[in-house]
Undergrad: 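Structure below; questions to follow.
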Amino acid sequence: MQDKIEYSKAFFSRELLEWYESAKRDLPWRRHRNPYYIWVSEIMLQQTRVDTVIPYFHRFIEQFPTLQALAEAPEEEVLKRWEGLGYYSRARNLQAAAKQVLEQYGGVVPADKASVSGLKGVGPYTTGAILSIAYNLPEPAVDGNVMRVLSRFFRIEEDIMKSGTRALMEGLAAELIPEGRASDFNQALMELGALVCTPKSPQCLTCPVMGRCLARLDGVEDRLPVKSKAKPPRPEYRIAALVEGCGGHDGRLLVRRRPAKGLLAKMWELPHILAAPSAGGGVGLPDDGQAMEQLSALLAAEGIAAEPVDVLMDAEHTFSHIHWNLRVYRFREAAAALPPGVAGAALEYAAVAESGAAYESSGGEEYRWITPADMRQLAFPNVFLRILKHHAPEWDATQTSLESSI
DNA sequence: AAGTCGGGGTT
DNA sequence: AACCCAGACTT
């Protein structure tokens, strides 16, 4: 029995490596064995499909060709290149880690486990991926693809959402690495999971290791891996203001930057608030009159007088744990902005606004009147990019559309 | 161990 | 519309 398992392991490693030679995709980070490229790609690939990552990878490497270039760039530029990719702490951690490598390791990505796993944003999977792919060191790199492939081939019924299961998989994956072939083997394992041993309807008939796959032999490949379900996201109802400037702010829109910690940290957005429960006490969006009043109050607290115009649109956005239902109201900045008695503050405010400079609200967010050209520098989450694009084409200044026009 | 942190895909 | 995919960090 144990002999059969051992034979299966040898068979698996041999056949998988053989298959990979002909099946491997030509991916940008596979064209050179550059540890910096491999690191960037592995961070981008966390929770993200290859097809989504490819254009981001090209643009990122174009702007930050070396680890040093990334380390020395303004954080704003790094976030802008990450715009739309999600999980923005990945970008901030990657840059922080690049600085770490520059200072502690002379700019060379380290090749030992303790140093690599000490880098910001680099956990057990990415440590194994960097050490094996970049340096061909025999370390396991266990991601979701690998757990799916191994759970099927060896018919492992443990719940892959449990933290103990990953440790089990790492032990197994380490045993399977053929002498001197860690880089190709680990990539082959993930490639099989991505191309053949897919979550739904796996393509078993084209699989190089079908012959000894226990799940396939037992006809249970469709119910493996065992995976407990995630909690559904909680709904949130939010109201947002798209404020068109007038007078000195003609052609500008009011935006603000989110705080440095938490959801969408340091990203720019339209001002918005959690909708207060409506008079009836029901959950959901308040009626439009109440919503416009609440937003007017928010703007007034920022020293901005604006009149509601109409409802621009509804938008939805799902995060892992929250589902936003957003209603966007158009506002028009009022000409005579401030009430009498605060003339000094008004002048000061006007001077700041005229220069286009940003100012801090009492809540710590940074408000700014921006032009379409400012969209080149400021990173917005996708949901707000969609809203701005819907508002008017000149605000569709995502990095993609900018570059195609250059 | 459970919750936080985006965005896109398939059915 | 409902469901699926899934690493690192924090608490």
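In what follows, chains are A, B, ... by sequence order, proteins preceding strands, each numbered from 1.
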Undergrad: Ignoring backbone atoms, test whether A:Ser163 places a side-chain nitrogen or oxygen under 4.0 Å from the OP1 or OP2 oxygen of B:dA1.
TA: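 For B:dA1, OP1/OP2 do have a side-chain N/O of A:Ser163 under 4.0 Å.
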
Undergrad: With a 4.5 Å heavy-atom cut-off, do A:Phe154 and A:Leu176 have their side chains touching?
TA: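 Result yes, sub-4.5 Å side-chain heavy-atom pair found.
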
Undergrad: Determine whether the side chains of A:Gln47 and A:Arg90 contain a donor N or O and an acceptor N or O closer than 3.5 Å.
TA: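 No, no side-chain donor-acceptor contact under 3.5 Å.
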
Undergrad: How close or far is atom C1' of C:dG7 from atom CZ of A:Arg90, stated in whole angstroms?
TA: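 Rounded to the whole Å, the gap is 9 Å.
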
Undergrad: Please report, rounded to the nearest Å, how far the P atom of C:dG7 is from the CZ atom of A:Arg49.
TA: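 Distance, rounded to whole Å: 12 Å.
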
Undergrad: If you pin A:Ser201 and A:Tyr88 to their nearest nucleotides in DNA chain B, which one's is more 5'?
TA: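 Its nearest nucleotide lies further toward 5', so the answer is A:Tyr88.
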
Undergrad: Across the strands shown, which category fits A:Thr126 at heavy-atom distances under 4.0 angstrom: base, sugar-phosphate, nothing?
TA: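 Since only primed, P, OP1 and OP2 atoms lie under 4.0 Å of A:Thr126, the category is sugar-phosphate.
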
Undergrad: Looking across every strand, which nucleic acid part, if any, lies under 4.0 Å from A:Leu264 by heavy atom: base, sugar-phosphate, or nothing?
TA: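 Since only primed, P, OP1 and OP2 atoms lie under 4.0 Å of A:Leu264, the category is sugar-phosphate.
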
Undergrad: Over all strands shown, is A:Asp51 touching base, sugar-phosphate only, or nothing at heavy-atom distances under 4.0 angstrom?
TA: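 No contact at all - A:Asp51 keeps every heavy atom at 4.0 Å or more from the nucleic acid.
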
Undergrad: Heavy atoms only, 4.0 Å cut-off, all strands: where does A:Ser320 land among base, sugar-phosphate and nothing?
TA: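 Contact class for A:Ser320: base.
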
Undergrad: For residues A:Arg386 and A:Met313, determine if any side-chain heavy atom of one lies less than 4.5 Å from a side-chain heavy atom of the other.
TA: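 When only atoms from C-beta onward are counted, A:Met313 and A:Arg386 do not touch, as no gap falls below 4.5 Å.
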
Undergrad: Between B:dG3 and A:Arg234, is there an OP1 or OP2 to side-chain N/O distance shorter than 4.0 Å?
TA: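 The answer is no; no side-chain N or O of A:Arg234 sits under 4.0 Å from OP1 or OP2.
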
Undergrad: Nearest-Å distance, CD1 (A:Ile43) to P (B:dG6)?
TA: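 One finds 15 Å between P of B:dG6 and CD1 of A:Ile43, rounded.
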
Undergrad: Given the side-chain rings of A:Trp82 and A:Tyr87, with only the six-membered ring counted for Trp, is the space between their centroids under 6.0 Å?
TA: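 Judged by ring-centre distance (under 6.0 Å), A:Trp82 and A:Tyr87 do not meet the cut-off.
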
Undergrad: For the residue pair A:His317 and A:Phe319, does the interplanar ring angle fall in the parallel (under 30°), tilted (30 to 60°) or perpendicular (over 60°) class?
TA: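 Ring orientation, 0 to 90° scale: perpendicular.
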
Undergrad: Write down the distance separating the C1' atoms in C:dC9 and B:dG8, rounded off to the nearest Å.
TA: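 Straight-line distance between the two C1' atoms is 23 Å.
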
Undergrad: Mapping A:Lys231 and A:Thr52 to their closest nucleotides on DNA chain B, which lands nearer the 5' end?
TA: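 The residue whose closest nucleotide sits nearer the 5' end is A:Lys231.
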
Undergrad: Under 4.0 Å: is that the gap between some side-chain N or O of A:Asn382 and OP1 or OP2 of B:dG6?
TA: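 So the side-chain polar atoms of A:Asn382 never come under 4.0 Å of the phosphate oxygens OP1 or OP2 of B:dG6.
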
Undergrad: Which part of the nucleic acid does A:Arg166 contact within heavy-atom distance under 4.0 Å: base, sugar-phosphate only, or nothing?
TA: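 Contact class for A:Arg166: none.
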
Undergrad: Counting only side-chain N and O atoms of A:Lys120, is one of them less than 4.0 Å from OP1 or OP2 of C:dC9?
TA: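 No.
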
Undergrad: Rounded to the nearest angstrom, tell me the gap between atom NZ in A:Lys261 and atom P in B:dT4.
TA: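 One finds 16 Å between P of B:dT4 and NZ of A:Lys261, rounded.
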
Undergrad: Indicate, with a heavy-atom threshold strictly under 4.0 Å, whether A:Pro232 touches base, sugar-phosphate, or nothing.
TA: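 Here A:Pro232 touches no strand at all.
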
Undergrad: For A:Lys9 and A:Ser13, what are the C-alpha separation, side-chain angles and deciding distance, and is it a side chain to side chain contact (heavy atoms under 4.5 Å, CB included)?
TA: CA-CA 6 Å; A:Lys9 288 177 180 170; A:Ser13 300; 5.6 Å; no

Undergrad: Quick one: is A:His317 getting a side-chain N or O under 4.0 Å of the B:dG6 phosphate, OP1 or OP2?
TA: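 No, no such contact exists.
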
Undergrad: Determine the interatomic distance between P on C:dC5 and the same-named atom on B:dC5; round to the nearest Å.
TA: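 C:dC5 and B:dC5 have their P atoms separated by 23 Å.
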
Undergrad: Indicate yes or no: at least one non-hydrogen side-chain atom of A:Leu172 is less than 4.5 angstrom from one of A:Phe153.
TA: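 A:Leu172 does not reach A:Phe153 side chain to side chain.
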
Undergrad: In whole angstrom, give the distance that lies between atom CD1 of A:Ile160 and atom C1' of C:dG7.
TA: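 One finds 12 Å between C1' of C:dG7 and CD1 of A:Ile160, rounded.
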
Undergrad: From the list C:dG7, B:dG6, B:dG8, which nucleotide is the closest neighbour of the side chain of A:Gln46?
TA: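 Within the option list, the nearest is C:dG7.
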
Undergrad: May I ask you to evaluate whether A:His321 reaches the phosphate of B:dT4, defined as a side-chain N or O under 4.0 Å from OP1 or OP2?
TA: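 No, no such contact exists.
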
Undergrad: For A:Tyr125 and C:dA6, is the shortest distance between a side-chain N/O and OP1 or OP2 below 4.0 Å?
TA: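 Checking A:Tyr125 against C:dA6: no side-chain N or O falls below 4.0 Å of OP1 or OP2.
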
Undergrad: Please state how far atom OH in A:Tyr87 lies from atom P in C:dA6, giving the value in whole angstrom units.
TA: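 It works out to 12 Å between those atoms.
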
Undergrad: To the nearest angstrom, how far is A:Met44 atom CE from C:dA6 atom C1'?
TA: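 That distance rounds to 18 Å.
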
Undergrad: What is the distance, rounded to the nearest whole Å, between atom CG of A:Leu45 and atom P of B:dG6?
TA: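 The distance from CG of A:Leu45 to P of B:dG6 comes to 18 Å, rounded to the nearest Å.
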
Undergrad: Of the nucleotides C:dA8, B:dG3, B:dG7, which has the atom closest to the A:Pro124 side chain?
TA: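 Per side-chain heavy atoms of A:Pro124, the pick is C:dA8.
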
Undergrad: What integer number of Å spans the C1' atoms of C:dA8 and B:dG9?
TA: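 Looking at atom C1' only, C:dA8 and B:dG9 are 22 Å apart.
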
Undergrad: Between B:dG6 and C:dC4, how far apart are the two C1' atoms, rounded to whole Å?
TA: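 My reading of the C1' atoms in B:dG6 and C:dC4 gives 15 Å.
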
Undergrad: Phosphate oxygens OP1/OP2 of C:dC5: is one of them under 4.0 Å from a side-chain N or O of A:Thr48?
TA: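 For A:Thr48, the contact criterion (side-chain N or O under 4.0 Å from OP1 or OP2 of C:dC5) is not met.
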
Undergrad: Kindly indicate whether the side chain of A:Gln47 and the base of C:dG7 share any N or O donor-acceptor pair separated by less than 3.5 Å?
TA: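 Side chain to base: pair present.
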
